[in-house]
Amino acid sequence: MSEQEPPRIEFPCDYPVKVMGRSVPEFELTIIEVFERHDPGFDRERMTSRASREGKFVSLTVFITATGKPQLEALHEELMATGLVQMVI
């Protein structure tokens with residue numbers, strides 16, 4: 001049985017990014033600022049927010065125009081460097 005390679009992404013493309021972290025007042029604004037640096041034209045209207053059952057955590061789903069792997073890696077690195085993000089999917 002041979003392993004299949006995951007499908008390759010063709011850039012540029014519409015790309016969803018889910019960011020999860022503790023529910024603190026500055027979380028959403030900080031995340032938006034990071035996304036604006038990596039995709040200045042991203043549409044805030046498409047962003048969704050969801051709180052955890054107990055309200056301790058929040059997840060944001062943001063759609064960006066992904067231009068390539070370097071952009072996605074830099075975005076991930078900067079999101080994690082905020083100290084507010086637990087996970088990026």
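Quick caveat: nothing in here was measured; it's all calculated off a predicted structure.
Under the 4.5 Å side-chain criterion, counting only non-hydrogen atoms from C-beta, V17 is not in contact with F63. The shortest distance between side-chain heavy atoms of E28 and M47 falls below 4.5 Å. By the 4.5 Å heavy-atom criterion applied to side chains, F27 and V58 are counted as neighbours. No side-chain heavy atom of S23 sits under 4.5 Å from any side-chain heavy atom of K56. Proximity of I64 to L75: side-chain heavy atoms (C-beta onward) are separated by under 4.5 Å at one or more points.
Taken together through direct or relayed side-chain contacts under 4.5 Å among Ile, Leu, Val, Met, Phe, Trp and Tyr, M80 and V62 form part of one hydrophobic cluster. By the criterion of side-chain heavy atoms lying less than 4.5 angstrom apart, applied directly or through intervening Ile, Leu, Val, Met, Phe, Trp or Tyr residues, L72 is not grouped with M20; the two fall into different hydrophobic clusters. Hydrophobic clustering keeps F57 apart from V24 (ILVMFWY residues linked when any side-chain heavy atoms are closer than 4.5 Å, directly or through intermediates).
Around the CE atom of M87, the shell of radius 6.0 Å holds no more than 12 heavy atoms that belong to other residues, nucleotides or ligands. Heavy atoms of other residues, nucleotides or ligands lying less than 6.0 angstrom from CZ of R50 number 12 at most. Other residues, nucleotides and ligands contribute at most 12 non-hydrogen atoms within 6.0 Å of the OH atom of Y15. Counting non-hydrogen atoms of neighbouring residues, nucleotides and ligands closer than 6.0 angstrom, the CD atom of E26 exceeds 12 such neighbours. Other residues, nucleotides and ligands contribute more than 12 heavy atoms inside 6.0 Å of the CD atom of E73.
Residue F11 comes nearest to G68 through the heavy atom pair CD2-N, 3.4 Å, listed as atom of the first residue, atom of the second, then distance. Minimum heavy-atom separation, Q86 to R22: NE2-CG, 4.1 Å.
E36 pairs by the salt bridge (Lys or Arg N to Asp or Glu O under 4.0 Å) definition with R44, not counting sequence neighbours.
Interatomic distance, CD of E33 versus NE2 of H38, reported as 12.0 Å (0.5 Å rounding). Annotation: the span from T65 atom OG1 to D39 atom CG amounts to 5.0 Å, rounded to 0.5 Å. Taking CD1 from I89 and NE2 from H76, the interatomic distance works out to 9.5 Å, rounded to the nearest 0.5 Å. Distance check: R37 CZ to I32 CD1 gives 12.0 Å after rounding to the nearest 0.5 Å.
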**Request:** Decide side-chain contact (heavy atoms from CB on, under 4.5 Å) for K69 and I9; before the verdict, give the C-alpha distance in whole Å, the side-chain angles of both, and the deciding distance to 0.1 Å.
**Result:** CA-CA 9 Å; K69 191 172 179 180; I9 299 171; over 6 Å; no

**Request:** Show your working on side-chain contact (heavy atoms from CB on, under 4.5 Å) between V88 and K18 and close with a plain yes or no.
**Result:** CA-CA 6 Å; V88 179; K18 182 175 271 193; over 6 Å; no

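Tested against V19 for a side chain to side chain contact (heavy atoms under 4.5 Å, CB included), the candidates T82, L79, L84 yield a single pass: L79.
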